Amino acid sequence: MAILAQNPRRISIPYPTFSIPSFSFVAVTITLSLTSCAFFLIPFSTPDGADATFSFVYGDASPDRYFLGIPLLRRHLHSVKSDPLRLRIDQIRKQASDHAALASAYASYARKLKLENSKQLRLFADVSRNFSLLLSDHRHLLDPSNPIEEPALRRFDRGVKDRIRSARTLIAEAKESFDNQLKIQKLKDTIFAVNERLTKAKKQGAFSSMIAAKSIPKSLHCLAMRLMEERIAHPDRYADPETPPPALEDPRLFHYAIFSDNVLAASVVVNSAVKNAREPPKHVFHVVTDRMNLGAMQVMFKLKDYGGAHIEVRAVEDYKFLNSSYVPVLRQLESANLQRFYFENKLENATKDATNMKFRNPKYLSMLNHLRFYLPEMYPKLHRVLFLDDDVVVQRDLTALWKLDMDGKVNGAVETCFGSFHRYAQYMNFSHPLIKEKFNPNACGWAYGMNFFDLDAWRKEKCTEQYHYWQNLNENRALWKLGTLPPGLITFYSTTKPLDKSWHVLGLGYNPSISMDEIKNAAVVHFNGNMKPWLDIGMNQFRPLWSRYVDYDNKFISLCNFGA
């Protein structure tokens, strides 16, 4: 190892004599010796009062002295600030220092091994001097007390990269002299390059998966078009009655709310619920879609009896109170910045935040995704309603939910937390003081998809007003990312009743390891995730759970090539 001499300004590095065959061993030995050189520490005080030290490297009057004397700032942990630009500067400075030290070490190797002294000493010394001059020219940028100018940072970054390329080129040319070190550096470069390619491939895969999941399959588009064609060809056959059936507002019946623009998926939800209901005529399904899919949805639900169940099909535009003056999210969705965020479908932009890529889905521009917060106003005469997503399948009679004692709670839902997963801290920004003050980060999250709502308790607790309050505060997305689950967790924070997990089993759209026994015992299974059962990327082991409720006898479905 390196030995600090009595003279603190000089470092002597003993090296053994060796024969020609032992050159590689000696090279590695000298490398370890040089990289463990002593530092002379001079304390000082920073402008912000933080304790720090400058470390200066001292050496003899050799050609590699040009890098010597460059200060390296060492800060205590408590004084480090989470400034991304400052962290970037520290990374660049470290790269420059590391390569300068490497060039200085190679110059020492050349001197001690007497390998082309005049040429290699001069070249490595020049490289070391260039790094030293670059760091010296940018001392103002390296000083933590000075503001960071991005143009200066970019120039510093380019300068360091240019010198690193020069250093690596010089090292590559010295392959025969420093073969072992070159192999180590090549391995490091290879590992770095492979990691870069792996990261890029993961981002591309996630982006491609998102596109595949959110695109409309040709067969699904065909079905909507053929149903709409039928609606236009026979308008009288599918017209709504002048007087709505009284069952649609009868609170004694079992009411469901389904909000979807997917005709086939909505029909599967209704079909599965009806087939597993003991008394289908007592079940009422309120299907809400957008104006573009209204005609197709009307035809789909009038082509079949559905066991006598009552089905109402309406467009979201029919609810006149849902306008931007009343609904905060509609007002926010009119923002050009928010629309740019949603529709910025370039790979390099969509993958900036890969973990939250799903929130860039344009479906969040649809009011259908936010209707769940307005159930009491949409159905003012109802007391209770069961909300179902369009990617669920009902496997048994659900009427027991209406007999459930809600204990004054508003939302009955299955909790999804286990260990540290799916806690409130994963969905909200607890660095924000308002979130930190009002909510417990370890509170258990729950799932949307099958939610039983007590509308009377909702009105009493004024949950819609609470939702508006928090949605207005989150206009700049500082409290949570986009989506409906975080505001739901906030709105129903203290008014959610946990249901038994057998009511709602999730993950059939992303988790292939779910137990089939657990699925068979579930009242509702949920294909949440990207791999929906109507897509080619759906998981084959779970697809039959969904496809058994597709009405393949429907002539329009058979015409659009849906495989049984």
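All values derive from a computational prediction rather than experimental measurement. When reading the values below, keep in mind they use all heavy atoms of this one structure, side chains included, and skip hydrogens, waters and symmetry mates.
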Asks: Do the side chains of D456 and K460 get close enough for a salt bridge, i.e. N-O under 4.0 angstrom?
Replies: no
Asks: Are H310 and H283 near enough that their ring centres are under 6.0 Å apart?
Replies: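 Not under 6.0 Å, so no.
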Asks: Would you indicate whether K275, at its atom NZ, is surrounded by more than 12 heavy atoms from other residues, nucleotides or ligands within a distance under 6.0 Å?
Replies: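 Above 12, so yes.
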Asks: With the side chain counted from C-beta on, respond yes when P512 and Q541 share a heavy-atom pair under 4.5 Å apart, and no when they do not.
Replies: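 Counting from C-beta outward, P512 and Q541 do come under 4.5 Å.
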Asks: Donor-acceptor pair, R314 side chain versus V287 backbone, under 3.5 Å?
Replies: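 No, the answer is negative, given that no donor and acceptor are paired below the 3.5 Å cut-off.
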Asks: Do N276 side-chain atoms and V394 backbone N/O form a donor-acceptor pair below 3.5 Å?
Replies: yes
Asks: Check whether any side-chain N or O of K501 sits under 3.5 Å from a backbone N or O of E415 as a donor-acceptor pair, and report yes or no.
Replies: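 At least one qualifying donor-acceptor pair exists.
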Asks: Drop me the distance from N540's CG to M531's CE, to the nearest 0.5 angstrom.
Replies: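 Interatomic distance, N540 CG to M531 CE, rounded to 0.5 Å: 11.0 Å.
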Asks: I want to know whether W503 and F452 have ring centres closer than 6.0 Å.
Replies: no
Asks: Within a 6.0 Å radius of atom CZ on R291, are there more than 12 heavy atoms belonging to other residues, nucleotides or ligands?
Replies: yes
Asks: Please check if the side chain of Q426 supplies one atom and the backbone of R423 the other of a donor-acceptor pair under 3.5 Å.
Replies: yes
Asks: Ignoring hydrogens and geometry, is there a side-chain-to-backbone donor-acceptor pair from D390 to A266 under 3.5 Å?
Replies: no
Asks: How close do A447 and L506 get, heavy atom to heavy atom, and via which atoms?
Replies: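 Closest approach of A447 to L506, heavy atoms only: CB-CD2, 3.4 Å.
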Asks: Please work out whether the ring planes of Y379 and Y319 are parallel, tilted or perpendicular, with thresholds of 30° and 60°.
Replies: perpendicular
Asks: Compare every heavy atom of M539 with every heavy atom of N511, then report the nearest pair and how far apart it is.
Replies: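 In terms of heavy atoms, the two residues are closest at N-CE, 3.6 Å.
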Asks: Decide yes or no for V524 and Q395: does some side-chain heavy atom of the first lie under 4.5 Å from some side-chain heavy atom of the second?
Replies: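 Result no, sub-4.5 Å side-chain heavy-atom pair not found.
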Asks: Is D250 salt-bridged to K381, cutoff N-O under 4.0 Å?
Replies: no
Asks: If I compare all heavy atoms of A224 with all of N293, which pair ends up nearest, and what's the gap?
Replies: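 For A224 and N293, the tightest heavy-atom pair comes out as CB-OD1, 4.4 Å.
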Asks: State, yes or no, whether a side-chain contact exists between L499 and L401 at a heavy-atom distance under 4.5 Å.
Replies: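 When only atoms from C-beta onward are counted, L401 and L499 do touch, with a gap below 4.5 Å.
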Asks: More than 12 heavy atoms of other residues, nucleotides or ligands under 6.0 Å from CZ of F321: is that the case?
Replies: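 Counting neighbours around CZ of F321, more than 12 heavy atoms of other residues, nucleotides or ligands fall under 6.0 Å, so yes.
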Asks: On a heavy-atom basis, which atom in N451 and which in A413 lie closest, and how many Å separate them?
Replies: ND2-CB, 3.5 Å
Asks: Which heavy-atom pair separates A239 from R231 by the least distance, and what is that distance?
Replies: CA-NH2, 4.3 Å
Asks: Is there a donor in the side chain of E230 and an acceptor in the side chain of H234, or the other way round, less than 3.5 Å apart?
Replies: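 Yes, a side-chain donor-acceptor pair sits under 3.5 Å.
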Asks: Working to the nearest 0.5 angstrom, can you tell me the gap between H432 NE2 and N474 CG?
Replies: 8.5 Å
Asks: If you draw a 6.0 Å radius around NZ in K282, do more than 12 non-hydrogen atoms from other residues or ligands fall strictly inside?
Replies: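 Open: at most 12 neighbouring heavy atoms sit under 6.0 Å from NZ of K282.
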Asks: Is there a donor-acceptor contact under 3.5 Å from the side chain of D318 to the main chain of A315?
Replies: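 Confirmed, D318 side chain pairs with A315 backbone.
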Asks: Short question: side chain of K532, backbone of D391 - any donor-acceptor pair under 3.5 Å?
Replies: no
Asks: Does a donor on one side chain sit under 3.5 Å from an acceptor on the other, for N262 and S260?
Replies: no
Asks: Heavy-atom count around D536 CG within 6.0 Å, excluding the residue itself: above 12?
Replies: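 It does not: D536 CG has 12 such atoms or fewer within range.
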Asks: Please identify which of these residues, F439, W458, F387, W470, meets the ring pair (Phe, Tyr, Trp, His ring centres under 6.0 Å) condition with F492.
Replies: W458
Asks: Distance from M406 atom CE to T495 atom OG1, nearest 0.5 Å?
Replies: 8.5 Å
Asks: Does R543 reach the main-chain N or O of L535 with its side chain, forming a donor-acceptor pair under 3.5 Å?
Replies: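 Such a contact is found between R543 side chain and L535 backbone.
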Asks: Does R384 make a cation-pi contact with F453, if we ask for NZ or CZ under 6.0 Å from the ring centre and within 45° of the axis?
Replies: no
Asks: Is a salt bridge present between K409 and D454, judged by a nitrogen-to-oxygen distance below 4.0 Å?
Replies: no
Asks: With no hydrogens and no angle check, just 3.5 Å: does a side-chain donor-acceptor pair link H255 and H286?
Replies: yes
Asks: If the test is ring pair (Phe, Tyr, Trp, His ring centres under 6.0 Å), which one of F430, Y493, W480 qualifies with Y424?
Replies: Y493
Asks: For the residue pair F373 and T491, establish whether any side-chain heavy-atom pair is separated by less than 4.5 Å.
Replies: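 Side chain of F373 against side chain of T491, heavy atoms only: contact under 4.5 Å found.
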Asks: Checking side chain to side chain donor-acceptor pair (under 3.5 Å) against Y326, which of R331, E377, H468 comes through?
Replies: E377
Asks: In Å and rounded to the nearest 0.5 Å, what is the SG to CG distance from C222 to N561?
Replies: 7.0 Å
Asks: Side chains of D261 and L368, heavy atoms from C-beta outward: is any pair under 4.5 Å?
Replies: yes
Asks: Give a yes or no on whether the backbone of A425 and the side-chain of N429 come within a donor-acceptor separation of less than 3.5 Å.
Replies: no
Asks: Using the ring pair (Phe, Tyr, Trp, His ring centres under 6.0 Å) rule, pick out the option among Y238, F285, Y306 that qualifies with F301.
Replies: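 Going through Y238, F285, Y306 one by one, the ring pair (Phe, Tyr, Trp, His ring centres under 6.0 Å) with F301 is satisfied by Y306 alone.
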Asks: When S267 is tested against each of V270, L264, N271, V269 for side chain to side chain contact (heavy atoms under 4.5 Å, CB included), which residue passes?
Replies: L264
Asks: With a 3.5 Å distance limit and no angle check, can you tell me whether R372 reaches the backbone of T484 through a side-chain donor-acceptor pair?
Replies: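 The answer is no, because no donor-acceptor pair under 3.5 Å joins these two groups.
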Asks: Between Q466 and E461, do the side chains contain a donor N or O and an acceptor N or O under 3.5 Å apart?
Replies: no
